[in-house]
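In what follows, a structure is listed as structure tokens, so that the remarks can point back to it.
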Amino acid sequence: MPELPEVETIRRGLSERILQTRIEKVIIRWPGAVEDWEGHPFTETITGLGFESIERRGKYLLINLEGGWSIIAHMRMTGRLIYHSQEREPEKHTHVVLKLSQGEVHFSDTRKFGRLQLVKTGERMNVPSIAKLGPEPLSEEFTPEELAKRLKPRKINIKAALLDQTLVAGIGNIYADEALFRARILPERPANSLKKEEVEKLHEAIQEVLAEGIAAKGTSFRDYQDATGEKGSFQKQLKVYSRGGEPCTCCNETLERIKLGGRTTVYCSKCQK
DNA sequence: CAGTACGCCTGGATGC
DNA sequence: TGCATCCAGGCGTACT
């Protein structure tokens, strides 16, 4: 599941490979994967344009093209954006192929939740899904004080709060569970019940797990692959996610597996308070 | 603001 | 072996 570290890894991989190229042809194999911009059709608008830069905001990739156009890409659960230096037959779930002046990019998504959305570059930060995102957790504006301020009015449990993209951007189910374990905080705790020291620990834990996730080129639990089709390795460092019923790496207690906000949550009832 | 449910999807795991 | 059912879950939207 591409969360911040996975999307950042894709951003870096694509940036190294496609910034000097131009889109020569667009092949849409499943129209549901793309969204036009106010009467400007996806294919016709981007054909012929070169790439200028690739940014990331939360779990969104912002691919900036020439001519004032951008593509906002979201992988959701199973999306992939993979660069091939040679021409390659699309796979079963490849929905869009961008033929470039050198190589090609395939957008594939088994579950068809992901989207490529055409927007004006000047409007990219104003589209609702991007505009409402909370701070970037690895940026300077994301301080312990900022996190505390944002948690204070929230009565929901801290796990659900971390998954709320308007509170802080980019954290998904994997890194939320890992950050809470590292900060030794129970996921059921109301967000506004965290003491100052706990918020500071959580802030540090969030930054650590995300940075380590990026360093490991992401978590390839099921479907995730980077921009070249390689798997990440952070799944080897997971302490709680997907380990329900297994012993805690710290105290050997059996890890609990519950549902919070409709999502599977794993934690250690002995280590986390 | 909280919470819940639903829709979007397929494949792998599980149950019979 | 084959078929039915469950589960994984990010996010937008609707409704209470």
Side-chain angles (χ1 to χ4, degrees), chain A residues 1-10 28-36 56-62 72-81 90-96 106-117 119 124 126-134 136-137 149-180 187-194 210 213 218-225 231 235 238 240-246 255 257-267:
Chain A
M1 288 138 257
E3 304 179 23
L4 187 153
E6 290 74 32
V7 178
E8 177 61 21
T9 302
I10 294 170
I28 297 178
R29 307 174 79 238
W30 181 62
V34 302
E35 277 180 41
D36 300 335
R56 181 191 54 72
R57 184 77 175 88
K59 304 175 196 172
Y60 294 83
L61 214 53
L62 310 168
I72 298 178
H74 199 301
M75 313 298 156
R76 289 296 222 282
M77 308 294 301
T78 52
R80 296 172 175 173
L81 268 175
E91 293 175 5
K92 183 179 176 188
H93 299 292
T94 298
H95 306 313
V96 180
H106 290 210
F107 176 67
S108 308
D109 185 4
T110 312
R111 272 182 254 180
K112 294 185 172 175
F113 285 3
R115 293 288 180 272
L116 300 182
Q117 182 184 2
V119 296
R124 71 194 189 290
N126 300 329
V127 301
S129 55
I130 305 286
K132 68 184 185 192
L133 292 175
E136 281 296 320
K149 191 183 101 189
R150 287 170 170 270
L151 292 177
K152 203 175 172 189
R154 306 300 297 269
K155 294 171 188 156
I156 54 171
N157 61 68
I158 187 63
K159 167 68 183 283
L162 291 181
L163 294 177
D164 180 349
Q165 301 299 299
T166 69
L167 194 131
V168 53
I171 300 174
N173 211 27
I174 298 174
Y175 295 95
D177 276 8
E178 294 298 315
L180 286 169
E188 299 106 312
R189 290 272 302 280
N192 62 4
S193 75
L194 269 60
L210 294 176
T219 303
S220 289
F221 187 64
R222 288 199 183 84
D223 302 278
Y224 166 72
Q225 294 181 358
K231 289 177 180 292
Q235 65 277 8
L238 295 176
V240 284
Y241 180 82
S242 86
R243 297 195 61 244
E246 295 178 30
L255 294 174
R257 185 174 184 271
I258 61 170
K259 284 265 186 189
L260 280 181
R263 284 158 189 130
T264 304
T265 301
V266 183
Y267 66 97

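Values below: every heavy atom of this structure, side chains too, minus hydrogens, waters and symmetry copies. Here is how names work: the chains are called A, B, and so on, in the same order as the sequence lines, proteins then strands, and each is numbered from 1. The structure displayed is predicted, hence computed values, not measured ones.
Not a single donor-acceptor pair, N or O on each side, falls under 3.5 Å between the base of B:dA2 and the side chain of A:R154.
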- Query: Along nucleotides 10-16 of chain C, 5' to 3', which nucleotides get a B, which get an S, and which get a -, given that the test is a protein heavy-atom distance under 4.0 Å?
  - Reply: BBS----
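Separating the CD1 atom of A:I156 from the P atom of B:dT4 is a distance of 11 Å, rounded to the nearest angstrom. Taking atom CD1 on A:I258 and atom P on C:dA8, their separation rounds to 13 Å, with Å as the unit. Put simply, CG on A:L260 is 15 Å from C1' on B:dA2, counting in whole angstrom units. Taking atom CG on A:D109 and atom C1' on B:dC8, their separation rounds to 11 Å, with Å as the unit. Note: NZ (A:K112) to C1' (B:dG11) measures 13 Å, nearest angstrom. A straight line from CG of A:D164 to P of B:dA2 spans 9 Å, rounded to a whole angstrom. Atom pair A:N157:CG and B:dG3:P shows a separation of 8 Å (rounding to whole Å applied).
Each of A:L260, A:L163, A:L180, A:N192 was checked for a side chain to side chain contact (heavy atoms under 4.5 Å, CB included) with A:I158, and the lone residue meeting it is A:L180. A:E8 pairs in a salt bridge (Lys or Arg N to Asp or Glu O under 4.0 Å) with only one of the listed residues (A:K59, A:R57, A:R56), which is A:R56.
Comparing B:dA2, C:dG9, B:dG11 by their closest approach to the side chain of A:H93 singles out B:dG11.
Distance OH/A:Y175 to CG/A:L238: 7.5 Å, rounded to 0.5 Å. Atom CZ of A:R263 is separated from atom CG of A:D177 by 11.0 Å, given to the nearest 0.5 angstrom. Distance check, rounded to the nearest 0.5 Å: OH of A:Y224 to CD1 of A:I174 gives 11.0 Å. Going from atom CD of A:E91 over to atom NE2 of A:H106 covers 8.5 Å, rounded to the nearest 0.5 Å. To the nearest 0.5 angstrom, A:F107 atom CZ is 5.0 Å from A:D109 atom CG.
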- Show the numbers, then the answer: is there a side chain to side chain contact (heavy atoms under 4.5 Å, CB included) between A:V240 and A:T265? CA-CA 9 Å; A:V240 284; A:T265 301; over 6 Å; no
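Taking the screw axis at each terminus of the helix from B:dA2-C:dT16 to B:dC16-C:dG2 from five consecutive base pairs, the angle between the two is 50° to within rounding of 10 degrees.
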Scan nucleotides 5-7 of chain C against the protein and return all N/O pairs shorter than 3.5 Å with their distances rounded to 0.1 Å.
none

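For A:K92 and B:dG11, the shortest distance from a side-chain N or O to OP1 or OP2 is below 4.0 Å.
Counting non-hydrogen atoms of neighbouring residues, nucleotides and ligands closer than 6.0 angstrom, the CD atom of A:E246 exceeds 12 such neighbours. In A:R257, the CZ atom is not crowded: 12 or fewer heavy atoms of neighbouring residues, nucleotides or ligands sit closer than 6.0 Å.
Residue contacts shown for A:Y224 are absent, as no nucleic acid heavy atom lies under 4.0 Å away.
Closest approach of A:E3 to A:I171, counting heavy atoms only: OE1-C, 4.0 Å.
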